[in-house]
Amino acid sequence: MQQPLQQTKDPEIANSAVSFASPLKLLLLHLTCGLGLASAFWVTLHFYSLTLILNPARTLLIVWAVEASVVIPIYSLFRRNPDQCSYVKAIARGILGLPAGALVNAFGAIVLGAPVGIQHFTKTIHWSLLMSVFTFTPAACVFGSSWADWHRVFAHTKPIGCTDFMICLPAYGAVIGAWFGAWPMPLDWERQWQEWPICVTYGAILGYLVGMVLSSGLAIFHNRRKHEKGD
């Protein structure tokens, strides 16, 4: 008689999303997301003649919209329990998670000192939506409402496979990068790029890209260790 409890001893077997992902797939996912981000800035500059420094609100609108159209469909491929959750349902979860994550990011930014006022309202909304694409939306596509997975990845920071790495490290990178990016704002340099949320956005994007590189490297290392233990 097989023991069903045995499945829970190996979280990578119990979590179908983790077993579905591989270092190669993770690398391709990050490359696609990175190209989507670069394409968004290329579109803003060459089609609309916008820059983040001169037109922050409109630039952020285009960037988060383009990046979300890349992130949501591709992360939905790595949804947890694909037999119980369809691809369309995972996309719907990502779309719903986008504004929910924006509210969380906006609240956190305001608590930490982001400017409040009518003149900053639109910029804060679009910045929060971009941060949601980096942090909240991928997890919504993959985990849905699975509190155990959210808690493991974000509260305990205990990734157990490639899928967890590709979600938590870019998210943490974006948040940490945004925090470091905010440091020049109070300095009396009187530079336009110091205004909210320009330098914070640059920091978040840099941290997001660094997180993607680190997650790919850790996924490869984790995969090699798993094969060595198997041998």
Side-chain angles (χ1 to χ4, degrees), residues 30-72 97-140 154 157 167-217:
H30 286 331
L31 286 174
T32 304
C33 293
L35 289 174
L37 196 59
S39 300
F41 278 100
W42 186 86
V43 167
T44 60
L45 180 61
H46 291 85
F47 281 85
Y48 298 98
S49 299
L50 302 173
T51 64
L52 185 59
I53 295 177
L54 298 177
N55 317 95
R58 295 176 64 190
T59 301
L60 286 169
L61 168 61
I62 296 173
V63 171
W64 76 253
V66 172
E67 186 68 0
S69 66
V70 174
V71 167
I72 293 175
L98 182 60
L103 288 174
V104 174
N105 281 281
F107 177 77
I110 292 172
V111 168
L112 293 175
V116 179
I118 299 298
Q119 67 273 27
H120 301 293
F121 182 72
T122 304
K123 292 184 287 187
T124 300
I125 287 178
H126 293 309
W127 175 83
S128 300
L129 285 165
L130 179 62
M131 288 297 294
S132 180
V133 174
F134 291 162
T135 59
F136 200 89
T137 305
F154 291 111
T157 320
I167 290 174
C168 69
L169 292 181
Y172 279 118
V175 172
I176 294 171
W179 183 69
F180 276 108
W183 283 19
M185 288 181 60
L187 300 178
D188 190 17
W189 293 347
E190 297 182 356
R191 302 294 178 87
Q192 192 170 4
W193 57 265
Q194 290 178 261
E195 296 179 4
W196 168 262
I198 299 171
C199 54
V200 179
T201 302
Y202 282 128
I205 291 174
L206 179 59
Y208 178 65
L209 295 175
V210 170
M212 289 197 293
V213 173
L214 289 177
S215 67
S216 298

For the residue pair [X] and [Y], what are the closest heavy atoms and their distance?
X	Y	value
Q194	P184	NE2-O, 2.5 Å
L60	K123	CD1-O, 4.0 Å
G97	A140	CA-CB, 4.2 Å
W179	W183	O-CD1, 3.2 Å
C33	V70	CA-CG1, 4.2 Å
P138	V71	CG-CG1, 3.9 Å

Backbone of [Y] reached by a side-chain donor or acceptor of [X] within 3.5 Å:
X	Y	value
E67	A40	no
T59	P56	no
S132	P99	no

Is there a side-chain contact between [X] and [Y] in this structure, where contact means two heavy atoms from C-beta onward sitting under 4.5 Å apart?
X	Y	answer
L98	V133	yes
H126	P197	no
T124	W196	yes

Please tell me whether W64 and S128 have a donor and an acceptor in their side chains that are separated by less than 3.5 angstrom.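 Looking only at side-chain atoms, S128 and W64 do not form any donor-acceptor pair under 3.5 Å.
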Which of parallel (below 30°), tilted (30 to 60°) and perpendicular (above 60°) describes H46 and W42?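 Aromatic pair H46/W42 classed parallel.
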Nearest 0.5 Å, please: how far is [atom2] in [Y] from [atom1] in [X]?
X	Y	atom1	atom2	result
E195	E190	CD	CD	11.0 Å
I198	N55	CD1	CG	9.5 Å
M131	I205	CE	CD1	10.0 Å
T135	L130	OG1	CG	9.0 Å

Let me know which of Y172, W127, Y208 forms a ring-ring contact (aromatic ring centres under 6.0 Å, His included) with F134.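 One option only clears the test, and that one is Y208.
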Check step by step if side chain to side chain contact (heavy atoms under 4.5 Å, CB included) holds for L103 and F107. CA-CA 6 Å; L103 288 174; F107 177 77; over 6 Å; no
Derivation of the side chain to side chain contact (heavy atoms under 4.5 Å, CB included) call for Y202 and I53: CA-CA 10 Å; Y202 282 128; I53 295 177; 4.0 Å; yes
Under the criterion side chain to side chain contact (heavy atoms under 4.5 Å, CB included), I'd like the reasoning laid out for V66 against V43: C-alpha separation, chi angles, the key distance, then a yes or no. CA-CA 9 Å; V66 172; V43 167; 5.5 Å; no
Test log, rule side chain to side chain contact (heavy atoms under 4.5 Å, CB included), inputs R58 and I62: CA-CA 6 Å; R58 295 176 64 190; I62 296 173; 5.6 Å; no
